[in-house]
Every structure is written in structure tokens, then in C-alpha cells.
Amino acid sequence: DTGVSQDPRHKITKRGQNVTFRCDPISEHNRLYWYRQTLGQGPEFLTYFQNEAQLEKSRLLSDRFSAERPKGSFSTLEIQRTEQGDSAMYLCASALRGALETQYFGPGTRLLVL
Amino acid sequence: DAKTTQPPSMDCAEGRAANLPCNHSTISGNEYVYWYRQIHSQGPQYIIHGLKNNETNEMASLIITEDRKSSTLILPHATLRDTAVYYCIVRVTEYGNKLVFGAGTILRVKS
């Protein structure tokens, strides 16, 4: 399968714990996006990378959230000191930079904070 | 990015064409219309996009009005597997540009 993959698919954690999610983009896609989706809502943008550079961060991305893409390939999203309000689906998308950029999404990581 | 307006839900009989409307009256000349769909518990799936001409691919057709203030996504022969939330998004594509999702239209295909 050459699509976007995310790991884990599901995560249950207790409030206050740290969690880390991984996203593997489509090979050679140089842009990578993170979104968050809560129940009944459309996805909301969190941040994006072009290669290894993080070029934009949403106000939704509080200080407890950090994202990296160290070698311009896979990316990680870490949430520190999780809160119940962090419960959501975390989606990753990748794209090839160009005039008609199209983002392709992974299956998402569903986080439940107890 | 321009705001879009979609009906909250629609029903369609299996085998019939599903026509999903989208209003984007404030669209700018350099903004494209994109459609994604999201089947329950999956990530959004790209369907089609266009600027001003009608577009067709293996999944759907996109009809954009001449003034570009509205568009319609057409699924020519809807199946039960097409039941999903359909999002219409307008965006400039030259930049690393986030997608701004609205609430979308819940399409229910019924047998």
C-alpha cells in the first residue's frame, strides 16, 4: 500500500500522560499536514511541514503539542500532559508541492483521554 | 479562503445520481473548488477539483456555474458505499495551504 499511514490507529490514555503519533506520508511527498477532528465536526488544521521545515502552526496547537519531521519523511505529533479535551481523531495528510497540490489523508489516529 | 455553504444532509436512492450542491459566492478568481468525502471513521478521501471548467474522473463529475458562485458534485450511480460526509472546499493551491473544512453534507444512499 503506497498511501499515507498512521500509527497507532487507536490510543487510550489517562489524563496527564504523554502520547506520540506517527505519520508516514506518500513517498516523495514533500508536504505533510496534521489535522484534528472532533465528533461531528470537519477536520481542523493544526500544522504543516514542507520537507523538514514547519511552516505554519494553528492557534489550536497549544504549547503541549509539538510536531516534528526530522528528515523530511515521516512526522511525529506529540501531546504532553494530555487533557480530556484532546480526545479526537488526529489526521495526517501529504501532498506534493505544486500548482495543483492535492492532499491525501491517512486513516487517522483516534485518541481517547480518560 | 472563501466560505462554502452546503445542505446538512441529503438522501439518494441506490443506483440513482446523487447531486450535491455547494455555494461559494465569495470565491476569488484564483481559488479552486475541491471536493473530499469522509466515510465513517476513515480519513477524508479526495474526489475531484476544478477551477472553472467542468471536470470528470472515475469517481464523479464537477459542474461549476459560469459565474463560479456555485458548483455541484455528481455521483452518477450512487451505491451504498457512497454514504459519507461530503465536503466542498475552495482554496488557493499555489501555496502550502491548509484545507478549511465546513460541516459538509451527509449523503445517505438507501436501497
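Here is how names work: the chains are called A, B, and so on, in the same order as the sequence lines, proteins then strands, and each is numbered from 1.
- Side-chain contact, B/Thr65 with B/Asp67: a donor N or O sits under 3.5 Å from an acceptor N or O.
- No side-chain donor-acceptor contact under 3.5 Å links A/Ser73 to the backbone of A/Asp24.
- Residues A/Arg36 and A/Phe45 are not in side-chain contact: their nearest non-hydrogen atoms beyond the backbone lie 4.5 Å or more apart.
- No more than 12 heavy atoms of other residues, nucleotides or ligands shown are found within 6.0 angstrom of CD1 on A/Ile12.
- Side-chain N/O atoms of A/Gln17 and A/Gln80 include no donor and acceptor closer than 3.5 Å.
- Neither the backbone nor the side chain of A/Glu44 has a heavy atom closer than 4.5 Å to any heavy atom of chain B.
- Neither the backbone nor the side chain of B/Gln45 comes within less than 4.5 Å of any heavy atom in chain A.
- Contacts from residues 83-91 of chain A to chain B, taken as heavy-atom pairs separated by less than 4.5 Å, involve A/Met89, A/Leu91 in sequence order.
- In summary, the side chains of A/Gln54 and A/Thr47 do present a donor paired with an acceptor at a separation below 3.5 Å, with no hydrogens or angles considered.
- When the candidates A/Gly108, A/Pro43, A/Ala95 are compared by the number of heavy-atom contacts under 4.5 Å with chain B, A/Pro43 comes out ahead.
- Judged purely by distance below 3.5 Å, without hydrogens or angles, the side chains of B/Ser71 and B/His24 pair a donor atom with an acceptor atom.
- Among the candidates B/Gly43, B/Ala103, B/Pro44, the residue making the largest number of heavy-atom pairs closer than 4.5 Å to chain A is B/Pro44.
- The minimum heavy-atom distance linking B/Ser111 with B/Glu14 is given by the pair CB-OE1, 3.5 Å.
- Both the backbone and the side chain of A/Gln103 come within contact range of chain B, judged by heavy atoms closer than 4.5 Å.
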